[in-house]
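When reading the values below, keep in mind they use all heavy atoms of this one structure, side chains included, and skip hydrogens, waters and symmetry mates. Note that this is a predicted model, so its numbers are computed, not measured. Each chain gets a letter, A, B and so on, in the order its sequence line appears, and its residues count up from 1.
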Amino acid sequence: MYREFKSLNLPAIDAEILQFWRDEQIFEKSVEQRDPNNSFVFYEGPPSANGMPGIHHVMARTVKDLFCRYNTLKGFRVERKGGWDTHGLPIELQVEKELGITKEDIGKKITVDEYNQACRATVMRYKDLWDDITRKMGYWVDLDNPYITFEDQYIETCWWLLQRLYNKKTANGDSFLYKGFTIQPFSPAAGTGLSSHELNMPGCYKEVTDTSVVAMFKVRPDEQSAFLFDHADEDVRVLAWTTTPWTLPSNVALTVGPNIEYVKVKTFSPYTAAPVSVVLAKERLSAYFDVANAELPMEPFDTAAKKPAIPFRAGEAFKGSRLLGLRFEQLLPYVTSPELEKDGFRIISGDWVTTEDGTGVVHTAPYFGADDMRACKEAGIPMIGIADEKGVIQPLVDRQGKFVNEVTDFAGRYVKAEYYNKEAQNDPDFKPTDLLITLKLKEDNKAFRIEKYKHNYPHCWRTDKPVLYYPLDSWFIRASAAKERLSELNQTINWKPESTGSGRFGQWLDNLQDWNLSRSRYWGVPLPIWRTEDSSEEVCVGSIPELATEIEKANAALGLNQQVPKDLHRPYIDDVVLVSASGKPMRRELDLIDVWFDSGSMPYAQWGLDYEKMAAGADKPFKTPFDVSYPASFIAEGVDQTRGWFYTLHAIAGMCFDSVAFQNVVSNGLVLNKDGSKMSKSRGNVVDPFKTIDAYGADATRWYMMSNANPWDNLKFDSDGIVETRNKYFGTLFNTYNFFALYANLDGWKMDESNVMPYADRSELDRWVISKLYSLVQDYREAMDDYEPTRAARALETFVDEHLSNWYVRLSRRRFWRGDMSDDKRAAYETLFECLMVTAQLSASLAPFFSDWLYRNLTAPIREKAIANGTPLRHESVHLSDLTAPDGTKIDVDLEKRMDYAQRICSLALSIRKKEKLRVRLPLQKILLPILDEAFMAEVDGVKDLILSEINVKEIEYITDSSGLLKKGAKANFKTLGAKLGKDMKAAADQIAAFTNEQINDLEKAGSVAITANGTEYAITPEDLIISTEDLPGWKVATDAGLTVALDVTLTEALLAEGTARDLVNRIQNVRKEKDFNVTDRIEVAIEPHPAIEAAVAHYADYIKAEVLANSLILTAEGPWETVELNDEVTLNVRVSMA
RNA sequence: UGCGUAGUAGUGUAAUGGUGAUCACGCGUGCCUGAUACGCACGAAAUACAGGUUCGAGUCCUGACUACGCGACCA
């Protein structure tokens, strides 16, 4: 027996199948039954278990699961090792918050050890919830043996990779792992650098009012600058604006846009009235000069006046490129150097310069701006500052935010007012350093304008004081040196969507900066580099055994008794002292590495180092099964990982092994609220994945997310959409299965794999749906192989709803419930069974629960036999089966075309009925079908019976030319004609549209006809026309894409009687249904005589009896009665009783 | 502010440059047709804007606008 069900309950199916999977170890079997050497490699991007899983995780993991399952069905072995991301700032910040401490307290109020223990305890906080959602959503991944980034084996592999980078050298001998200076956000008040993450916390950007100044940089006259000088003594200055006057003593360059237009303006210094010529962007002229003053006589103005009118004369505009290389005098000459005198204080080029504000010239101080630093490096401008004892040039502002002594006028002063304490700031004589600097410039005739300026500026979230951009010592990976190669490797990756790969990712690679690895934190992978105190010697350790060797060496040389720490984290690793080649002690560089390096290392670190392979000198000495697990065939994560995990995977693989880490990548979009807003806890509009899955089932949720929009588009999540999916797809499939089960059980029919009726022997309708099914198999596989799950899901939806349920089953209904077992009936069962079975298989990747449930229900009655015979249906789960192979021989394009005609003809006929208010139960005599060629007639004739029964019409009359009724119209076939005619298309199309019947007939007969368009003659063939029938005068017609149907709406007594008979059948069936009779029960029917039914009963009694399974049908005046409405006017008394 | 992506019925979506623009929900109308009212049939309803290329543009180009994402937030 096939199981039958009252109603669809997806959550109950989830529970049943989940239990089955667990009991029978289906996931494990699905992996293990496949050949290890035929692998489809998948990498799990590790989530962090210290936050709750959200609905977007369900989305991302559906994508992952889908392709893993699909490839399993295709026969690949798909290992899926789970993983957990356990390090990183978010975790540290959370722990700090919960412990009520700040970074400064670590090592003081709490030991590093205790702190790290707290982090370790936190990272797996929600692991149970994660495991739970993983199971409930049907995500198959190995949860029992995950990789965990804080484990020593994992850390050790990261070290190995770092060492490889350390040893790798560029062409000019630079190491890929190096220590250097960069400009980073820095909080002097907290004494620490800040990550961009910290800077982007809410409230960090605040509106502040700073003193801004336009400074005047005096141009040195020389050959190159001569064009700016009218005479040798002219005082020519370049204007540059800044909101951070404290950076002016560090100025070494001015940056201009090479394509921006600049002008020289003769005028007078606003503060001293001395004659001066200033250079600024032409577009900015109006911001600094009042047009009205251009006419004033060129005489010095009165500096005492409140708002003096300053005369000026603007010169000819010239491109910024002419300014490049010009030298200027240092603005505030506190510190300089021979190098600077040689190469500094020049005008350089920057494409980021705008004329939105300022003067179109950017004051450039490399230590206090990342752009500045880059521009200076590119232009070869040396750093400005004071060399420390190691010869490294240190900035003119120290780490407390104070000017160094060399900046004599301001030595020891904080550069920002906010760094002074409240008292000092409240002193009536207090003047911020910025202001003092501007006053000095004013006095020295170096200021052009001083004013307050309001703007947004980042603040430290911990101290609430403004951040400085400041050079800090950090370890870097020289990614910029691998830029081209990484770009090339990226070309070989199949990105979904393509634009993310070429756009966001590609451009990121093209502009690749070195990767700042250093984090001054505690909970993470420690940098495995030990240095002597003077930094002259260092070692990079690449494994635990190597560390052990180094420790032994150090113990021997330094007389210590150290061991490899039991835990590679801080603080233990910090205690390890190693010895340098020259015998000096070396201590570890205290930095941790960026957590993103952790996750990018997972292809290797998830397996760990294999010491034997290492000893043998293997290029990739990682444990088995690394060799068959690299690179990944497929990975998938959110687009936010483009510069995160996707990048780190790619960068590490590219730089360490000159390889890609993954071949196909799907980057899925965001899951938004249904109104398109972001889901966020603070807005309280997050969707709980547990509740969603409990309510609607995992399959409906998964299917909704994949079918509604491409995974890479943002999804506006709306649970109404899940309901729709459930009703439409799963409801329809469920009903189709239930229909099948109901009648198969009644007939005692079971699938017999060994005795299947050849397709050729089955009906037109059967072969049609089989053809559709195999077309679906093809489309589905193409879509899935192309990583297009949405296309795959929609193809399935169309098949199930339109083809299988609403055409095949609807038209086949009678075959199932009429009469005894016949060949035709058997063919119907086998056909429907096959459709359901294959649908279950194709749906299995997207909807793993329902599909398995369906498959198991279909195959349970024959499982034992199938196992005994080793036939395809022997598998206990759809997920263990082999995906149905595409089979072109089962696809009959002509048949599909015929059926398409049938469907459209029916639709047209029904539409006429609708318009004429002629219900379908009322039979009509005929439809007229104009035909244009013999082939069409033959095609329609093949599906004639289906059409007639579907629209309840007695006959089809084909109308040909000879009938004289047919009126043909022609339209140009633009596709074929376009190429031929080009410009003359329009004229020709007009002529063709005006073709008469005779012209069209002539063309068809002759095979070609000449027309003249715009004076050129063209030969037109029948293929160049789209011929349609236009109208049938005097008939009720409907047309659609060249098809025309006319309906004979003449009603005769006989037709009316038959219609009434069918109405009666329907009413009696309803009574049967109300009384809950079984579909096979025989009945007796009595009807009270009524004129409206006289004729129907007289002529169609046998028909009625047969349809309703009545043994007798009598007309009698004797009750008891039930009343049924025959139509709006007539109410009948009837009696239906069990025979 | 830079870069990227996208703007198609009320909503969500589809459409190798080829001419009545797809599908679903919702809406309207009619139907409890012996699997399915969580259903069926039939309708009404859209290419955001301004230009351009082309015989022909939803599709290609340009511009402004809007939304989202990623950067930058520095002068």
Side-chain angles (χ1 to χ4, degrees), chain A residues 7-8 183 196 199 205 212 240-244 247 255 350 352-354 356-359 361-365 368-372 455-458 469 497 499-500 503-504 507-508 511 639-640 642-643 669-670 672 674 676 678 707-710 712-714 716 718 720-721 723-724 726-728 730-732 734-743 790 794 797-798 801-802 805-806 809-810 813-814 816-817 907 910-911 913-915 917 919-921 971-979 981-989 1013 1039-1041 1062 1065-1066 1069-1070 1072-1073 1079 1107-1108:
Chain A
S7 62
L8 174 64
I183 311 308
S196 57
L199 223 53
Y205 279 88
S212 77
W241 179 61
T242 179
T243 56
T244 53
T247 59
T255 309
W352 37 277
V353 177
T354 68
E356 298 286 309
D357 49 20
T359 60
V361 180
V362 179
H363 142 63
T364 305
F368 304 113
D371 276 338
D372 302 32
H455 63 149
N456 279 308
Y457 196 82
Y469 285 82
S499 62
T500 300
R504 194 186 289 195
Q507 289 183 2
W508 163 257
N511 298 306
V639 264
D640 50 322
T642 307
R643 287 165 192 187
L670 265 60
L672 304 171
K674 70 173 170 188
K678 247 185 180 170
S707 65
N708 191 56
N710 281 319
W712 39 88
D713 290 333
N714 290 346
K716 290 181 188 167
D718 185 355
D720 288 352
V723 172
E724 191 185 316
R726 180 191 65 195
N727 295 348
K728 196 86 199 158
F730 296 99
T732 305
F734 168 84
N735 284 323
T736 308
Y737 165 76
N738 239 11
F739 170 83
F740 163 81
L742 172 69
Y743 289 104
T790 308
R794 287 178 181 166
E797 284 173 358
T798 304
D801 189 45
E802 279 177 32
S805 170
N806 278 324
V809 174
R810 196 150 58 86
R813 242 171 358 208
R814 295 174 74 86
F816 289 97
W817 55 265
S907 178
L910 290 171
S911 136
R913 275 183 175 273
K914 170 86 178 176
K915 244 179 232 131
K917 293 197 191 326
R919 63 191 194 281
V920 180
R921 248 181 252 124
K971 213 166 67 171
N973 181 353
F974 285 85
K975 209 164 187 172
T976 62
L977 275 177
L981 303 191
K983 276 199 183 54
D984 300 327
M985 188 70 219
K986 206 162 236 160
T1039 52
D1040 167 72
R1062 288 183 67 141
V1065 168
N1066 167 253
Q1069 297 284 33
N1070 289 339
R1072 284 183 62 120
K1073 224 175 170 181
V1079 280
E1107 285 295 309
V1108 302

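With hydrogens and angles ignored, the 3.5 Å screen pairs no side-chain donor or acceptor of A:N1066 with any backbone N or O of A:R1062. In this structure, the side chain of A:S707 does not engage the main chain of A:R794 through any donor-acceptor pair within 3.5 Å.
The distance between atom CD of A:E797 and atom C1' of B:C25, rounded to the nearest whole Å, is 12 Å. Rounded to an integer number of Å, the gap from A:M985 CE to B:G17 P is 18 Å. Between A:R919 atom CZ and B:C42 atom C1' there is a gap of 17 Å when expressed in whole angstrom units. The interatomic distance linking A:R913 (CZ) with B:G43 (P) rounds to 15 Å, in whole Å. Summarising the geometry, the separation between NZ on A:K917 and C1' on B:G43 is reported as 12 Å, rounded to the nearest angstrom. Straight-line distance from the CG atom of A:D718 to the C1' atom of B:G10: 14 Å, rounded to whole Å. Distance CG (A:L8) to P (B:C38): 13 Å, rounded to an integer number of Å. Straight-line distance from the CD atom of A:E802 to the C1' atom of B:G39: 15 Å, rounded to whole Å.
In this structure, the nucleotide among B:U33, B:A41, B:C55 sitting nearest to the side chain of A:N1066 is B:U33. Distance from the side chain of A:F739 is smallest to B:A35 among B:G12, B:G18, B:A35. Considering only side-chain atoms of A:N735, the nucleotide from B:A14, B:A35, B:C40 that sits closest is B:A35. Of the candidates B:A35, B:C74, B:C55, B:C74 carries the atom nearest the A:Y469 side chain, counting heavy atoms from C-beta on.
Distance noted for atom C1' between B:G20 and B:G4: 37 Å (whole Å). For the C1' atoms, the distance linking B:U1 with B:A44 amounts to 46 Å, nearest Å. Remark: the separation of the P atoms in B:U13 and B:A6 is 13 Å, to the nearest Å. Taking atom P in both B:U11 and B:U47, the straight-line distance is 13 Å, to the nearest Å. B:A9 and B:U22: their C1' atoms are spaced 12 Å apart (whole Å). Comparing the same atom, P, in B:C49 and in B:A57 gives a spacing of 15 Å after rounding to whole Å. The gap from the C1' atom of B:A48 to that of B:A67 amounts to 12 Å, rounded to the nearest Å. The gap from the P atom of B:G26 to that of B:G17 amounts to 34 Å, rounded to the nearest Å.
Within 4.0 Å (heavy atoms only), A:D984 reaches no atom of the nucleic acid at all. Residue A:R810 is classed as a base contact, given a heavy-atom separation below 4.0 Å to a base. At the heavy-atom level, A:F734 lies nowhere under 4.0 Å from the strands shown. Residue-level contact check: A:V809 touches the bases, meaning some heavy atom is under 4.0 Å from a base atom. Counting any heavy atom pair closer than 4.0 Å across all strands shown, A:N738 reaches no nucleic acid atom. Among the protein residues, A:G731 comes within range of no part of the nucleic acid, since none of its heavy atoms lies under 4.0 Å from any strand. Heavy atoms of A:R794 sit under 4.0 angstrom from primed sugar atoms or phosphate atoms, though from no base atom.
Residues A:W712 and A:P497 come closest through the heavy atom pair CB-CD, 3.3 Å. The two residues A:S805 and A:D801 make their nearest non-hydrogen contact at CB-O, 3.6 Å. Between A:G669 and A:V639 the shortest heavy-atom distance is CA-CG2, 4.3 Å. Shown here for A:L977 and A:A972, the closest heavy-atom pair between the two residues is CD1-CB, 3.8 Å.
Across all strands shown, B:C32 forms no Watson-Crick or G-U wobble pair with both key distances under 3.5 Å. With a cut-off of 3.5 Å on both pairing distances, B:A14 has no Watson-Crick or G-U wobble partner at all. When both distances must be under 3.5 Å, the Watson-Crick or G-U wobble mate of B:C60 is B:G52. Remark: B:G2 base-pairs with B:C70. Criterion, Watson-Crick or G-U wobble with two distances under 3.5 Å. Pairing for B:G7 is with B:C65, a Watson-Crick or G-U wobble pair whose two hydrogen-bonding atom distances lie under 3.5 Å.
Put simply, A:R921 has no side-chain N or O that comes within less than 4.0 Å of OP1 or OP2 on B:U33. A sub-4.0 Å separation between OP1 or OP2 of B:G20 and a side-chain N or O of A:K971 is present. Here A:N1070 reaches the OP1 or OP2 of B:U33: one of its side-chain N or O atoms lies under 4.0 Å away. Listed pair A:Y737 / B:A35 fails the phosphate criterion, with no side-chain N or O lying under 4.0 Å from OP1 or OP2. Phosphate contact (OP1/OP2 of B:U5, side-chain N/O of A:T500, threshold under 4.0 Å): absent. A close approach under 4.0 Å does not occur between any side-chain nitrogen or oxygen of A:K986 and OP1 or OP2 of B:C55. The side chain of A:K728 contributes an N or O atom lying less than 4.0 Å from OP1 or OP2 of B:C25. Within the structure, a side-chain polar atom (N or O) of A:N806 is placed less than 4.0 Å from OP1 or OP2 of B:C40.
Taking the side chain as every heavy atom from C-beta outward, A:F368 and A:T244 never approach each other to under 4.5 Å.
Each of A:A709 and A:N727 lies near RNA chain B, and the nucleotide nearest A:A709 is the one positioned closer to the 5' end. Along RNA chain B, the nucleotide nearest to A:V361 and the one nearest to A:S707 differ in position, and the one closer to the 5' end is contacted by A:S707.
Classified by interplanar angle (parallel below 30°, tilted 30° to 60°, perpendicular above 60°), the ring pair A:F816/A:Y743 is tilted.
Results of the side-chain hydrogen bond (donor to acceptor under 3.5 Å, both in side chains) test with A:T364 over A:T247, A:T255, A:D372 single out A:T255 as the only residue that passes.
Residue-to-nucleotide contacts include a donor-acceptor pair under 3.5 Å from the side chain of A:S805 to the base of B:A35.
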